[in-house]
Amino acid sequence: MTASNTILTDVFGRRHNYLRISLLEKCNLRCTYCMPADGIALSPKASLMTAEEIFGIAQTFVQNGVDKIRLTGGEPLLRKDFPEIIAKLADLNISLSITTNGILIDRHIDVLKQFKVKKINLSLDTLVSSKFHSITLRNQFEKVVDNLHLLLNNDFQVKVNVVLMKGFNDNEIVDFVKLTQFLPISVRFIEFMPFAGNEWDRSKMVSQNEILSLVGTQFSSEEILKLEDEKNFTSRNYKIKCFQGDFGIISSITNPFCDSCNRIRLTADGKIKNCLFSNSETDLLTPYRNGESITNLISQSVQNKKKVRAGMVTMDEMNDPKKHFDNRSMIAIGG
């Protein structure tokens, strides 16, 4: 193992080659599982990374073994300098992708095509317009659906992220799976996860077993095909026989995949988080602005990563608000 690879390898032997960068904390939706009802205190603009700083810090990660970067938010396409950021990162020898709510895709699709950003994760939690407004507080359902088809018509690889909440959209699981019959998409059902201000409790979660049970009411066991898990997988993937697309289950709470985790996160204000559930952060932006090396800080953060869910091993620990409610809101972390 080279010295650069060692910097991003933790004490459990997990090599971190995947960096998720949040570009900003703002969003044009108000999804309840992501943002507290009364909003969040936004970081001052001066404390957010500029396009040059995003590139410079990302370059340090790439020099030490990162070969995959995903841009998230808030909503990343709200950044006025998004084209500049994409242009800079495209110069790095990496796989570059984004997570978006889809509303602004039509404005930026030419930029995405120009810089060969072909992998898009699009958030869509319901197929019912009135429910879309209920959870996002915005009337943008038709726009998102139109832009989903725009991406597919332009040969983008699209994953549709569906955060499941019992009593809200768990009755749409089969409908989402049926979408994959004629659309070449990967629908990914994501467990509702605890973050500051989103009123999480275990009763709102929909487990992997419940999802598969519901799918099994519509399709036979011979029709539901288990796909091979990817290396460093987050999603356990399935396919209905003869359907174009597939579906997956991301069960961070009830069935975590920490053993193969290769992901680290950089917040919009330049803090590294070694785990989505961790409430500890390391400031990279301040020393970077001071002209100091950030390599050792990155290494220390990776070395401090816990084996499972930021040290919350049991469900009792997950149920304890003191363990995770002093974490950031999801919108301030990045997807």
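Computed from a prediction, not measured in an experiment: that's the story for all the values here. All residue numbers in this chain count up from 1 along the given sequence.
Counting only distance, with no hydrogens or angles, the side chain of Thr136 and the backbone of Phe132 share a donor-acceptor pair below 3.5 Å. At distances below 3.5 Å, at least one donor-acceptor pair connects side-chain atoms of Asn169 with backbone N or O atoms of Asp125. No donor-acceptor distance shorter than 3.5 angstrom exists from the side chain of Asn154 to the backbone of Phe156, with no hydrogens or angles considered. The backbone N or O of Phe182 sits less than 3.5 Å from a side-chain atom of Gln244, completing a donor-acceptor pair. Distance alone, capped at 3.5 Å, places no donor-acceptor pair between the Asn161 side chain and the Arg188 backbone. Between the side chain of Arg70 and the main chain of Ile98, a donor-acceptor pair closer than 3.5 Å is present. With hydrogens and angles disregarded, no donor-acceptor distance shorter than 3.5 Å links the side chain of Asp10 to the backbone of Gln303. Side-chain atoms of Asn232 come within 3.5 Å of backbone atoms of Ser260 as a donor-acceptor pair (strictly under, hydrogens ignored). A side-chain donor-acceptor contact under 3.5 Å links Ser22 to the backbone of Gly73.
Atom CG of Asn153 sits in a crowded spot, with more than 12 heavy atoms from other residues, nucleotides or ligands closer than 6.0 Å. In this structure, Gln181 places its CD atom where more than 12 heavy-atom neighbours from other residues, nucleotides or ligands lie under 6.0 Å away.
A salt bridge does not link Lys241 to Glu223: none of the charged nitrogens lies less than 4.0 Å from a carboxylate oxygen. Ion pairing between Asp110 and Arg107 fails under the 4.0 Å rule for side-chain N and carboxylate O. Electrostatic pairing of Asp170 and Lys166 does not count as a salt bridge here, judged by no charged N lying under 4.0 Å from a carboxylate O. A salt bridge links Lys143 to Asp106: one of the charged nitrogens lies within less than 4.0 Å of a carboxylate oxygen. Comment: Glu172 engages Lys131 in a salt bridge, judged by a side-chain N to carboxylate O separation of less than 4.0 angstrom.
Gly270 and Leu266 get closest at one heavy-atom pair: C-CD1, 3.9 Å. Taking every heavy atom of both residues into account, Ile7 and Thr295 meet most closely at CD1-CG2, 3.3 Å. Scanning all heavy atoms of the two residues, the minimum distance from Ile54 to Met49 falls at CG1-CB, 3.6 Å. Thr72 approaches Pro76 most closely through the heavy-atom pair O-CB, 3.5 Å. Counting all heavy atoms, side chain and backbone alike, Gly248 lies closest to Asn237 at CA-OD1, 3.4 Å. Minimum interatomic distance between Ser251 and Arg236 (heavy atoms only, all atoms of both residues): OG-NH1, 3.4 Å.
For the residue pair Asn17/Asp67, the side-chain donor-acceptor check at 3.5 Å is satisfied. Judged purely by distance below 3.5 Å, without hydrogens or angles, the side chains of Thr267 and Glu281 never pair a donor atom with an acceptor atom. Side-chain N/O atoms of Asn28 and Asn101 include a donor and acceptor closer than 3.5 Å. No side-chain N or O of Glu191 forms a donor-acceptor pair with one of Ser207 less than 3.5 Å apart. Using modelled atom types and a 3.5 Å distance limit, the side chains of Asp246 and Ser186 yield a donor-acceptor pair. Side-chain atoms of Ser213 and Glu210 include no donor-acceptor pair closer than 3.5 Å. A donor and an acceptor atom, one from each side chain of Asn296 and Ser299, are nowhere located under 3.5 Å apart.
The aromatic ring centroids of Phe219 and Phe243 lie less than 6.0 Å from each other. For Phe141 and His133, the gap between ring centers reaches or exceeds 6.0 Å.
Between Phe189 and Phe176, the two ring planes are perpendicular [angle over 60°; tilted spans 30° to 60°].
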Going through the distances and angles, do Glu75 and Thr100 end up as a side-chain hydrogen bond (donor to acceptor under 3.5 Å, both in side chains)? CA-CA 6 Å; Glu75 171 49 47; Thr100 174; 2.9 Å; yes
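Residues Phe233 and Leu227 are members of separate hydrophobic clusters, defined by side-chain heavy-atom contacts under 4.5 angstrom among Ile, Leu, Val, Met, Phe, Trp and Tyr. No continuous path of hydrophobic side-chain contacts links Leu183 to Leu225 [ILVMFWY only; heavy atoms under 4.5 Å].
Side-chain contact between Val177 and Val187: absent, with no pair of heavy atoms (C-beta onward) separated by less than 4.5 Å.
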